[in-house]
Amino acid sequence: MAHIDRTLRTPRLILRDWRDEDLAEFARINADPEVMRHFPARLDTSESDAVAARIRHHFEKHGYGFWAVERVGGEPFLGFVGLAHVDFEASFTPAVEIGWRLARSGWGYGYASEAAERALDFAFSEARLAEVVSFTALRNKRSAAVMERIGMSLHPEIRFDHPKLPKGHPLSPHWLYHIKKERWRKLKHGR
Ligand SMILES: CC(C)(COP(=O)(O)OP(=O)(O)OC[C@H]1O[C@@H](n2cnc3c(N)ncnc32)[C@H](O)[C@@H]1OP(=O)(O)O)[C@@H](O)C(=O)NCCC(=O)NCCS
């Protein structure tokens with residue numbers, strides 16, 4: 001089968017397919033306590049590799065996923081930003097989420113928002129989705145700030161308890177955001 005180029009570009013970033021060479025840096029990112037502060041646990045190398053394998057499988061199945069993020073003329077792998085089918089059942093699923101995880105060295109430059117805007121464009125044009133959701137533990141202010149920066153707003157349900165975490169776990173309550181195609185078009189193209 002011919003290779004399909006799923007690379008997306010922004011002024012400063014390349015959103016591309018994953019490579020085996022990304023795995024070592026991804027494992028370092030997933031082992032960083034600051035990056036994983038709002039997750040239940042850091043990941044060891046085999047868990048990190050398993051996440052990357054699931055992401056690659058998602059690309060094969062759906063033609064999009066959490067893209068590997070490369071900086072133009074800079075770091076070959078900063079982490080991921082992209083789209084994924086929500087892998088649990090909740091009142092708002094089935095749904096496609098937008099998500100991000102960058103190395104700490106890549107925070108504070110607007111890279112997550114820049115990549116996420118390109119991914120949203122892809123979601124509403126190439127992938128022809130009608131709506132994209134996003135969610136984050138309540139105390140993950142940086143992640144919620146990305147959602148707001150790219151034009152997402154709180155979903156009518158506002159909050160939910162993440163079904164993969166035990167009831168009462170401090171990370172279980174999540175903000176739920178969303179954006180519909182019409183709002184994106186208005187924000188982006190004024191129509
Ligand atoms: C969530 C995460 C991706 C956000 O990263 P971030 O750098 O805060 O977000 P952005 O890339 O949008 O950058 C915004 C920051 O860059 C600054 N910035 C600098 N240059 C900029 C530019 N050209 N354009 C936009 N913002 C710019 C902004 O002012 C803002 O800084 P502030 O936080 O001091 O206000 C990052 O914290 C992360 O990977 N966290 C760990 C994983 C995680 O929690 N993922 C989400 C799970 S739900």
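Here the structure is a predicted model, which is why all the values come from computation and not from measurement. Only heavy atoms go into these numbers, but all of them, side chains included; no hydrogens, no water, no symmetry mates. Order of listing sets the numbers, starting from 1, for every ligand and every atom in it.
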Please set out all donor-acceptor pairs under 3.5 angstrom arising from side-chain atoms of residues 115-126, sequence neighbours excluded.
from, atom 1, to, atom 2, distance (Å)
D121, OD1, W184, NE1, 3.1
S125, OG, D121, O, 2.5

remark   = Within the 4.0 Å heavy-atom cut-off around ligand 1, the contacting residues, ordered by chain and number, are R12, V35, F39, W100, R101, L102, W107, G108, Y109, G110, Y111, A112, S113, F135, T136, N140, R142, S143, V146, R149

task = Sequence neighbours left out, what passes salt bridge (charged side-chain N to carboxylate O under 4.0 Å, His left out) with R54? Give chain and number order.
result = none

key: Validation row, ring centre F92 to ring centre F160 under 6.0 Å   = yes

ask   = Is the ring centre of F88 less than 6.0 Å from the ring centre of H162?
value = yes

R6 bridged to E60 by N-O distance under 4.0 Å = yes

task = Return the set of residues passing side-chain hydrogen bond (donor to acceptor under 3.5 Å, both in side chains) with E25 (not counting sequence neighbours), or none when no residue passes.
result = R28

